[in-house]
Amino acid sequence: MTSKKENIKTACVIGDPIDHSLSPLLHNHWIKVLGLKASYGRVQIKAETLKKEVTDCFKDQNFVGVNITLPHKQAALALAATASPEAKKAGAANLLVRRDGKLWAHNTDIEGFTAPLLKAQGQERWQNSTMVIIGAGGAARAALIGALTLNPHKIILLNRTDARARTLAKAFGGPVTAQPWSDRQNALHGADLLVNASAAGMTGKAALDLRCEGLAPDALVYDLIYTPLETSLLAEAKIAGYGALNGLDMLIAQARPSFEALFGVSPPSGEAGKAVLIKALEAKP
Ligand code: NAP
C-alpha cells in the first residue's frame, strides 16, 4: 500500500473482497487525464488486521489516504481522531485522510447519492416530495441521510426484514416512517422517487420482488446497483415511462469528493470517466 518511488502520492481502496472495486479504474483514469504524479490501488484487508494495516500505511508521508468499502466502513470511522458531520451521522466512513496530522474520516456516499438526483431533476423537484427507500443497510442509511437534505414531505422505508426498517425510521424520525414489507406495493402509491438501496437485483442475486407501478406519473426510479447497469426494476421503470437512474452516477459522484480530498485537485469534469467504467462493466463476463 506504500509508494516505493519518491514524491508519488499513493492512495487505495480497501475492503474484503475488493477485486470487484471500480475505484482504481476511475481514480487512475482521472490521475492520467490530469497528469498527476500519483497512483491508486486496491488492497484486500481482513477485519482483524484493519487497524494495523491502515496505521502502517499512513506512516508513509506519500500515502495520502484510503477509501473504504464493505465490510470496514463502520470500523474505519472508529480509527479516526476526527470525523465530518456526514460520517458521524452515517456512523460509517468511506474515506480516511490526514488533517492537521491526524486521521479524519468522511462519508462521501451521501453526496454521491444526492448529486445525481439534483443533476437529474434539480432541488425544487424533491422539496415536499414523497420518497420510498428500499433497504436498511449502509447504502440505505446513506440514501436516507442524503434524501433528508432535499427536504421531502415524506420518506417511506421498506425492508425485507421489517424490524431493521422500523429501527432506522425511529432513529431518524421527522418525515421518515417504516411500512411493512408485506405492504410494499401499496407503499409506492403516488411516490415521486423510488430508491432501491437493497442488494436485490444485483448480478447473481434474486430480482427485487416489487412491481414498478403506482408511482406518480413523473416519478424517478433510482437503483443504486450498477452490476448490472440495468436491473429488471429499471427496465420495468423505463417501459412504464418513469425516469430511470442506475448506481453508476452515484459511484462517480462519491468518488469525486474523495479524489479531491486525496489529491488536492478536482477530478476532470465530463463523462469520460463514466465511459471508462461502462466499458469495463460491459467487458465483464
Ligand atoms: P447491506 O448493508 O448488506 O444491505 C443489504 C440490504 O439489502 C438489506 O437491507 C437487505 O435486507 C436487503 N436485501 C438483500 N437481499 C434482498 C432481497 N432478495 N430482497 C429484498 N431485500 C434484500 O448492503 P449495502 O452496502 O447497503 O448495499 C446495498 C446495495 O447498494 C448493493 O446492491 C450495492 O451494490 C449498492 N450500493 C451502491 C453504491 C453506489 O455507489 N452506487 C454504493 C453503496 C452500495 P435484510 O435486512 O432483510 O437482509
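These numbers come from the heavy atoms of this one structure, side chains and all, not from hydrogens, waters or symmetry mates. For ligands, and for the atoms within them, numbers begin at 1 and follow the listed sequence.
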Any N or O of [X] that comes nearer than 3.5 Å to an N or O of ligand 1?
X      : result
Gly138 : yes
Gln254 : no
Leu208 : no
Met202 : no
Ala199 : yes
Ala140 : no

- Message: Any carboxylate oxygen within less than 4.0 angstrom of a Lys/Arg side-chain nitrogen, looking at Lys274 and Asp249?
- Response: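 Result for this pair is yes, salt bridge flagged.
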
Salt bridge Asp109-Arg141, side-chain N to carboxylate O under 4.0 Å:
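Not counted as a salt bridge, because no side-chain N and carboxylate O are separated by less than 4.0 Å.
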
TODO: Kindly indicate whether the side chain of Leu224, heavy atoms from C-beta on, has any atom under 4.5 Å from the side chain of Phe113.
DONE: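 In contact.
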
Quick one: nearest non-hydrogen protein atom to [atom], plus distance?
atom                    : answer
atom 37 (C) of ligand 1 : Leu224 O, 3.2 Å
atom 48 (O) of ligand 1 : Arg160 NH2, 2.9 Å
atom 44 (C) of ligand 1 : Ala139 CB, 3.6 Å
atom 10 (C) of ligand 1 : Asn159 OD1, 4.0 Å
atom 42 (C) of ligand 1 : Met250 CE, 3.9 Å
atom 12 (C) of ligand 1 : Ser198 CB, 3.6 Å

Report, as yes or no, whether the 6.0 Å neighbourhood of atom CD on Gln74 holds more than 12 heavy atoms from other residues, nucleotides or ligands.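 Incorrect, the count does not exceed 12.
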
Evaluate whether atom NE2 of His153 has more than 12 neighbouring non-hydrogen atoms of other residues, nucleotides or ligands under 6.0 angstrom away.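 No, because the 6.0 Å sphere around NE2 of His153 holds 12 heavy atoms or fewer from other groups.
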
Margin query: Taking side chain to side chain contact (heavy atoms under 4.5 Å, CB included) as the criterion, tell me which of Arg125, Met131, Gln127 meets it with Leu150.
Written below: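 Only one of Arg125, Met131, Gln127 forms a side chain to side chain contact (heavy atoms under 4.5 Å, CB included) with Leu150, namely Met131.
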
Suppose I only count heavy atoms of [X] and a 4.0 Å limit; which atoms of ligand 1 are within that range?
X      : value
Gly137 : 2 (O), 4 (O), 9 (O), 26 (O)
Ala200 : 16 (C), 17 (C), 18 (N), 19 (N), 20 (C)
Thr161 : 45 (P), 46 (O), 47 (O)
Arg164 : 8 (C), 9 (O), 45 (P), 46 (O), 48 (O)
Tyr226 : 39 (C), 41 (N)
Gly135 : 9 (O)
Gly247 : 39 (C), 41 (N)

Aromatic rings Phe58 and Phe63: how do their planes relate, parallel, tilted or perpendicular, breaks at 30° and 60°?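 Plane angle over 60°, so perpendicular.
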
Requested in this report: Specify whether Phe259 and Trp30 have parallel, tilted or perpendicular ring planes, treating 30° as the upper limit for parallel and 60° as the lower limit for perpendicular.
Outcome: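 Ring orientation, 0 to 90° scale: perpendicular.
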
Exercise. Okay, side chain of Glu282, backbone of Lys279: is any donor-acceptor separation there less than 3.5 Å?
Worked result: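 Checked: no pair found.
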
Using modelled atom types and a 3.5 Å cut-off, is there a donor and acceptor pairing between side-chain atoms of Asp100 and backbone atoms of Lys102?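 No; judged by distance alone, with no hydrogens or angles, the pair does not exist.
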
Discussion item. Yes or no: does Ala197 have any heavy atom under 4.0 Å from an atom of ligand 1?
Written reply: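 Per 4.0 Å heavy-atom rule, Ala197 contacts ligand 1.
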
Could you walk me through whether Lys73 and Asn107 pass side chain to side chain contact (heavy atoms under 4.5 Å, CB included), step by step?
CA-CA 9 Å; Lys73 290 187 181 185; Asn107 189 314; 5.7 Å; no

How does [X] reach ligand 1, if at all, at less than 4.0 Å between non-hydrogen atoms: by side chain, backbone, both, or neither?
X      : result
Ile225 : side chain
Asp109 : neither
Ala142 : neither

- prompt: Taking atom types as modelled, is there a side-chain donor on Asn62 or Thr10 under 3.5 Å from an acceptor on the other?
  reply: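 No, because no side-chain N or O of Asn62 sits under 3.5 Å from a partner of the opposite role on Thr10.
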
(Q) Using 0.5 Å steps for rounding, measure from the CD atom of Glu230 to the NZ atom of Lys238. (A)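 The distance works out to 3.5 Å.
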
Quick one: does atom 15 (N) of ligand 1 have a protein heavy atom under 4.0 Å from it?
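Given the 4.0 Å limit, the answer for atom 15 (N) of ligand 1 is yes, a protein heavy atom qualifies.
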
Q: Considering only protein heavy atoms, determine whether one is less than 4.0 Å from atom 23 (O) of ligand 1.
A: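 No; the ligand atom in question lacks any protein heavy-atom contact below 4.0 Å.
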
Notebook entry, point to check: Would Asn67 and Ser258 satisfy side chain to side chain donor-acceptor pair (under 3.5 Å), going step by step from the backbone distance to the final call?
Noted result: CA-CA 8 Å; Asn67 281 124; Ser258 283; 3.0 Å; yes

* Between Leu188 and Leu210, is a side chain to side chain contact (heavy atoms under 4.5 Å, CB included) present by the stated rule, with each step listed? -> CA-CA 10 Å; Leu188 302 195; Leu210 184 75; 3.9 Å; yes

